[in-house]
Amino acid sequence: MHRVFQDFIDSIANAHDDAGFLVAMTAVASALELSCFAYLALPGRIERRPRLISTYPTEWTAHYMRSRYELIDPVITQALQTAEPFRWGIGMPSSRSSSVQQQLLDEAAQFGIRVGFTVPIHDGHGPIAALTFALSQRSPAFESFTKSHGRVLQLMAMYFHAHVRRKLANERSIDGIRLSPRELECLEWASQGKSAWEIGCILGISRNTVADYLENAKEKLGVRTIAQAVTRLAAANRKKQN
């Protein structure tokens with residue numbers, strides 16, 4: 001456990017964007033056999049979208065974000081009310097859910113998210129965040145591990161959150177959609193007609209890395225082409241100037 005924790009600390013220290021943080025948490029979750037995870041940080045204003053770093057099925061997370069489910073998610077509701085880690089899901093005691101909350105849980109179950117261990121993060125620097133490890137069914141090994149190592153997982157969650165908040169705080173948004181500094185930088189150079197190879201030379205990174213940043217930007221903005229992403233960026237810049 002000590003080695004896993006140290007490797008995690010080293011990986012987080014070297015992470016500088018969503019992809020890097022995803023890799024770091026995926027590695028530790030895999031090492032501890034904790035299945036899939038989701039880190040959700042609520043925004044400062046309700047009209048903004050939360051930050052989500054997750055290995056949940058992408059079809060589910062896209063639907064969750066599009067539906068603004070963070071506003072009704074019973075797991076997030078409980079995380080707002082306590083700073084203590086908690087287990088939830090089938091066969092476990094929980095507070096009564098409304099019909100819309102139950103619908104959310106039923107939909108999540110269709111994607112194999114039925115049981116979880118959630119660490120609420122109240123750091124005093126803004127809205128709460130939460131890190132959840134989830135399974136498709138109850139597991140004695142999972143319950144035993146989270147019970148005996150709950151405080152270590154809580155420490156990891158807080159460490160993860162602190163680095164995400166500090167390193168990604170300077171991101172800019174386009175119509176409320178946050179892009180990392182690198183994603184925005186690559187998109188801005190693309191708006192000036194630079195190719196991925198040229199952008200890589202300018203920034204000192206590989207062409208493939210530039211392509212990955214641009215692909216992430218397209219996915220976040222919900223567009224299919226770089227030209228469409230550039231158009232969204234230009235429109236957002238015009239709004240700021242008016």
Side-chain angles (χ1 to χ4, degrees), residues 1-13 15 18 20-42 50-57 60-61 64 69-70 72-97 101 104-105 108-109 111-168:
M1 185 68 175
H2 176 75
R3 180 56 184 272
V4 170
F5 187 70
Q6 186 59 55
D7 289 345
F8 171 72
I9 290 176
D10 293 341
S11 296
I12 291 298
D18 282 39
F21 285 108
L22 176 65
V23 168
M25 185 55 74
T26 299
V28 73
S30 177
L32 299 177
E33 299 181 357
L34 289 174
S35 190
C36 59
F37 75 88
Y39 164 81
L40 184 78
L42 296 181
R51 178 185 297 283
L52 179 65
I53 300 175
S54 168
T55 54
Y56 284 5
W60 166 244
T61 55
Y64 184 104
Y69 273 171
E70 77 278 3
I72 63 169
D73 189 340
V75 174
I76 297 301
T77 298
Q78 187 169 348
L80 285 166
Q81 299 170 350
T82 180
E84 290 298 311
F86 58 89
R87 281 177 288 277
W88 53 269
I90 53 175
M92 298 183 189
S94 63
S95 57
R96 190 178 184 85
S97 299
Q101 288 177 322
L104 184 157
L105 294 174
F111 292 92
I113 304 167
R114 297 184 178 88
V115 178
F117 176 79
T118 295
V119 179
I121 305 167
H122 299 252
D123 67 356
H125 294 287
I128 72 118
L131 177 66
T132 295
F133 297 98
L135 296 174
S136 60
Q137 59 186 1
R138 291 191 66 174
S139 163
F142 177 80
E143 292 178 26
S144 176
F145 182 87
T146 54
K147 183 176 181 179
S148 59
H149 294 90
R151 292 304 176 192
V152 175
L153 294 176
Q154 185 178 32
L155 180 61
M156 290 170 57
M158 294 175 68
Y159 191 83
F160 183 85
H161 172 72
H163 277 258
V164 168
R165 181 174 53 78
R166 178 172 62 84
K167 294 180 179 180
L168 304 185

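Computed over heavy atoms, backbone and side chain alike; hydrogens, waters and symmetry mates excluded.
- With rounding to the nearest 0.5 angstrom, the CZ atom of Phe5 is 10.0 Å from the CG atom of Leu153.
- No hydrogens or angles considered: nothing links the side chains of Arg3 and Gln6 as a donor-acceptor pair under 3.5 Å.
- Taking CG of Leu104 as the start and CD1 of Ile72 as the end, the distance is 5.0 Å to the nearest 0.5 Å.
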Taking it one step at a time, do His149 and Leu32 satisfy side-chain contact (heavy atoms from CB on, under 4.5 Å)? CA-CA 10 Å; His149 294 90; Leu32 299 177; over 6 Å; no

Passes side-chain contact (heavy atoms from CB on, under 4.5 Å), Met156 versus Phe160? Steps please. CA-CA 6 Å; Met156 290 170 57; Phe160 183 85; over 6 Å; no

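- Applying the side-chain hydrogen bond (donor to acceptor under 3.5 Å, both in side chains) definition to pairs two or more places apart or across chains, those involving residues 25-40 are Tyr39-His161.
- For Pro85 against Phe117, the heavy-atom pair with the smallest separation is CB-CZ, 3.5 Å.
- Nearest heavy-atom pair across Ala29 and Phe37 is CB-CD2, 4.4 Å.
- The minimum heavy-atom distance linking Asp18 with Leu52 is given by the pair OD2-O, 4.4 Å.
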| Intermediate values then yes/no, side-chain contact (heavy atoms from CB on, under 4.5 Å), Val28 and Asp7 | CA-CA 8 Å; Val28 73; Asp7 289 345; over 6 Å; no

Solution key, residues 129-139 side-chain donor-acceptor pairs under 3.5 Å, sequence neighbours excluded:
unit_1: Thr132; atom_1: OG1; unit_2: Thr118; atom_2: OG1; d: 2.7
unit_1: Arg138; atom_1: NE; unit_2: Glu143; atom_2: OE2; d: 2.8
unit_1: Arg138; atom_1: NH1; unit_2: Gly91; atom_2: O; d: 2.9
unit_1: Arg138; atom_1: NH2; unit_2: Glu143; atom_2: OE1; d: 3.0
unit_1: Arg138; atom_1: NH2; unit_2: Glu143; atom_2: OE2; d: 3.0
unit_1: Ser139; atom_1: OG; unit_2: Ala141; atom_2: N; d: 3.4
unit_1: Ser139; atom_1: OG; unit_2: Phe142; atom_2: N; d: 3.2

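- Between atom CG of residue Leu42 and atom CD1 of residue Ile128 there is a gap of 5.0 Å, rounded to the nearest 0.5 Å.
- Looking only at side-chain heavy atoms (C-beta outward), Thr61 and Phe111 stay at 4.5 Å or farther from each other.
- Distance check, rounded to the nearest 0.5 Å: CZ of Arg51 to CG of Leu40 gives 10.5 Å.
- Minimum interatomic distance between Gly20 and Ala15 (heavy atoms only, all atoms of both residues): C-CB, 3.6 Å.
- Using a 4.5 Å cut-off on side-chain heavy atoms (C-beta onward), Thr55 and Leu22 make contact.
- Here the side chain of Ser148 pairs a donor or acceptor atom with the backbone of Ser144 at under 3.5 angstrom.
- How far OH of Tyr64 is from OH of Tyr56: 8.5 Å, rounded to the nearest 0.5 Å.
- To the nearest 0.5 Å, atom NE2 of residue His163 and atom CD1 of residue Ile9 are 8.0 Å apart.
- Panel note: side chain His122, backbone Gln81; no donor-acceptor pair is recorded below 3.5 Å.
- The heavy-atom pair separating Thr82 from Pro120 by the smallest distance is O-CB, 3.2 Å.
- Annotation for Trp60 and Ala108: closest pair CZ2-CB, 3.6 Å, computed over non-hydrogen atoms.
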